[in-house]
Amino acid sequence: MNRLLEEILSYLDHLNGQCGLQVSVHFGKEKLNRMPESVLTALGPYNTHRNPYCIMVKRNEEEHRKCLRSQQVVLQKCKKCGSFCGVCHAGVYECLYPIYEDSAVVGYAAVSGYRKKAPPENMADMELWRESLNPEEIPRTLCDTLIPPLCRMLELLFLCPPNSADADPEYNLIFHYINEHHNRITLSEICLEFGRSRSYISHMFKSRCGVSIRAYCNRLKLEDAKNLLDKTDLPITEIALDVGFGDVSYFIQLFRERFSMTPLQYRKRHFS
C-alpha cells in the first residue's frame, strides 16, 4: 500500500479513536469515477457515519435517500463556502471541511455525532437520538486544528495517486453504491441501477473485491452491529433488524463466525 495512504488511514483511526471524534470522508461522483481501486477500497470503511442513531435512520429507505441527497448539498456548499457547521435533516450536528484536487472541491471530511438541545420535528427515534449523540458543543477549535491536515493529506495523495491507471469508473460506482446501501441492497436492485446482468455484476465484484456481494454486505452489517453493541443497550434482536438482518439466528451465526463469540458475549466482554 502507498505510504501516504497508510498514514491517512492511521490518522483517521487516530481521530476516531484517541481523539474521540467521529470522522468520515465523502466524495462526489466525478472523483469516485477516477479514484484508484486501492484508494477506494481503503477509504470505504470511513465513508459513512457509524453512530447508532445514523445507522438506525438509514434503515428507513426514504430517510436514507434524504441522507444521500444531503451529501450532494453539503458538497455544493463546501464549494461555495469552504468549511462550515450545520444540522442535517435527521438532527445530527456536524462540521464539514472541503477536500480539494487541483484547487477544485471533490469531497469533504465530516466530524459528526453531535446534537443541538432542541430535537428536529418528526424525530425517527427520540430516545436513541438523545442517547447516542453527544450533547456537548462540538469542539470546533480541535476540529479546525486536526481536520484540515487530513484534507491536505488526501489532496497530496490525489496529486500522485497509487496505481492511477487502475481506476474503473463502473466498478468504483458499483462498489460505492453497495457501501451506501449495504444494509438492504439486493443483486437485482444493483443490476437495475447500473443496467447490467446478474452474472456480470456478481463476477466483476467478486473478481475485484475477492468476496461475493452478499458476503461483503454481511461484513459491513456486522461492523454496524458491533457499533450498536458497543454504544447502546438495544436488544440483540433489534440490533439484527436495525443493521439489515431479517433472521436473528443467521445474524448470531455470522457474528460468531467472524468474531469468535456471540453478540451477547461480545457485549458482556465490552462492558465487563
So, do Leu154 and Tyr100 sit near enough that their side-chain heavy atoms are less than 4.5 Å apart? no
Please confirm whether His49 and His26 have ring centers closer than 6.0 angstrom. yes
Do other residues, nucleotides or ligands put more than 12 heavy atoms under 6.0 Å from the CD atom of Glu30? no
Side-chain donor-acceptor distances from residues 68-85 under 3.5 Å, at least two apart:
residue: Ser70; atom: OG; partner: Lys66; partner atom: O; Å: 3.4
residue: Ser70; atom: OG; partner: Cys67; partner atom: O; Å: 2.6

Can you see which heavy atom on Leu133 is nearest to which on Tyr114, and at what distance? CD1-O, 4.0 Å
Heavy-atom side-chain contact between Ile236 and Leu229 under 4.5 Å: yes
More than 12 foreign heavy atoms under 6.0 Å from CZ of Arg140: is that the case here? yes
Partners of Glu155 by side chain to side chain donor-acceptor pair (under 3.5 Å), sequence neighbours excluded? Arg152
Just wondering, more than 12 heavy atoms not from Gln18 lying within 6.0 Å of its CD? yes
For Ser188 and Thr186, test the side chains for any donor-to-acceptor distance below 3.5 angstrom and give the result as yes or no. no
Report the C-alpha distance between Arg65 and Glu62 in whole Å, list the side-chain angles of each, state the deciding distance to 0.1 Å, and finish with yes or no for salt bridge (charged side-chain N to carboxylate O under 4.0 Å, His left out). CA-CA 5 Å; Arg65 286 199 203 99; Glu62 179 56 33; 2.8 Å; yes
Establish, from distance only, whether the side-chain atoms of His182 and Asp224 form a donor-acceptor pair under 3.5 Å. yes
Do Leu43 and Leu40 sit in one hydrophobic cluster, given that two such residues count as connected whenever their side-chain heavy atoms are within less than 4.5 Å of each other, even indirectly? yes
Modelled atom types, side-chain donor and acceptor of Asp13 and Tyr46, under 3.5 Å: yes
Looking only at heavy atoms, the pair that brings Thr48 and Ser24 closest together is O-CB, 3.7 Å
Looking only at side chains, do Asn134 and Tyr93 share a donor and an acceptor under 3.5 Å apart? no
Less than 3.5 Å apart, any donor N or O on the side chain of Glu63 or His89 sitting next to an acceptor on the other? yes
